[in-house]
Colleague: 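This is the structure I have questions about; it appears just below.
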Amino acid sequence: MRPDEFPPRIVVGITGASGVIYGIRALELLAQLGVETHLVLTRAARATLAQETSWTAADARERASVTHSEHDLGAAIASGSFPVDGMLVAPCSVKTLSAIANSFDDNLLVRAADVTLKERRPLVLMLRETPLHPGHIRLMAQAAEAGAVLMPPVPTFYTQPSSIDEMVTHTVARALDALSLPHPHATRWSGERSAPSATDRRSVRA
């Protein structure tokens, strides 16, 4: 962790898995919190961005404080001597999970994640894959044993979201909780909801 007089600094990795919106939204929410973000956007992520959204790689870079090439293994975030407060990989592909679990530091994103683990800093992996076979589960366990938090982007329904955008925002906000960066968009469960009325029960059965 860095001295209190400095703003938080978080590394955000975006891979080519489906769900690049999670990484983009993370950059937006972190900016609202005044967090300095260091982005690594892989080539596969740029391709998925073009397939899933109307945004460009330049749009993603504009939302980050600093952007690093995935090939720049000499970047500041490749060293444990460069102080950061944690890292989020959103979304995290199985290929990236495998590389992180096995310390196969062939690009900057994986190297930064490996540094995060060795320096005992929080690493949150929003794995996007389903269904899972035993090999995936073993990789998840291996990464978790090294200190990573595995957080697949599972939508929350107790918040009664009215749009995909709300679901994405809440999921990302919960990921930021795991980095000790609570955001106002994370709706907090405060207890049981009141029992549904007879009209509500009829609507559900219908």
Colleague: Answer yes when R188 and D177 have at least one side-chain N-carboxylate O distance shorter than 4.0 Å, and no when they do not.
Modeller: yes

Colleague: Classify the angle between the aromatic ring planes of W189 and Y158 as parallel (below 30°), tilted (30 to 60°) or perpendicular (above 60°).
Modeller: perpendicular

Colleague: Around atom CD1 of I137, are there more than 12 heavy atoms of other residues, nucleotides or ligands at under 6.0 Å?
Modeller: yes

Colleague: Is there a donor-acceptor contact under 3.5 Å from the side chain of N107 to the main chain of L109?
Modeller: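 A pair under 3.5 Å: yes.
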
Colleague: Would you sort out whether M87 and I77 count as a side chain to side chain contact (heavy atoms under 4.5 Å, CB included), showing the intermediate values?
Modeller: CA-CA 10 Å; M87 180 172 178; I77 60 174; over 6 Å; no

Colleague: Checking side-chain contact (heavy atoms from CB on, under 4.5 Å) between H136 and each of T130, V94, L127, which is the one that passes?
Modeller: V94

Colleague: side-chain hydrogen bond (donor to acceptor under 3.5 Å, both in side chains) between E166 and T159: does it pass, once the steps are laid out?
Modeller: CA-CA 9 Å; E166 285 186 13; T159 58; over 6 Å; no

Colleague: Can you check whether S69's main-chain N or O pairs, donor with acceptor, with D72's side chain at less than 3.5 Å?
Modeller: no

Colleague: Take atom CZ of R120 as the centre, draw a 6.0 Å sphere, and report whether it contains more than 12 heavy atoms from other residues, nucleotides or ligands.
Modeller: no

Colleague: Linking I/L/V/M/F/W/Y whenever any side-chain heavy atoms sit under 4.5 Å apart, do L125 and L108 land together?
Modeller: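 Per the 4.5 Å side-chain linkage, L125 and L108 are co-clustered.
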
Colleague: Distance check, rounded to the nearest 0.5 Å: L41 atom CG versus I24 atom CD1?
Modeller: 7.0 Å

Colleague: Keeping T48 on the side-chain end and A44 on the backbone end, is there a donor-acceptor pair under 3.5 Å?
Modeller: yes

Colleague: Check whether any side-chain N or O of S93 sits under 3.5 Å from a backbone N or O of A17 as a donor-acceptor pair, and report yes or no.
Modeller: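 Checking the backbone N and O of A17 against the side chain of S93, no donor-acceptor pair under 3.5 Å is found.
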
Colleague: Compare all side-chain heavy atoms of I14 with those of V40 and state whether any distance is below 4.5 angstrom.
Modeller: no

Colleague: Are R25 and T169 close enough, and set up right, to give a side-chain hydrogen bond (donor to acceptor under 3.5 Å, both in side chains), and what steps lead you there?
Modeller: CA-CA 7 Å; R25 187 57 44 79; T169 297; 2.6 Å; yes

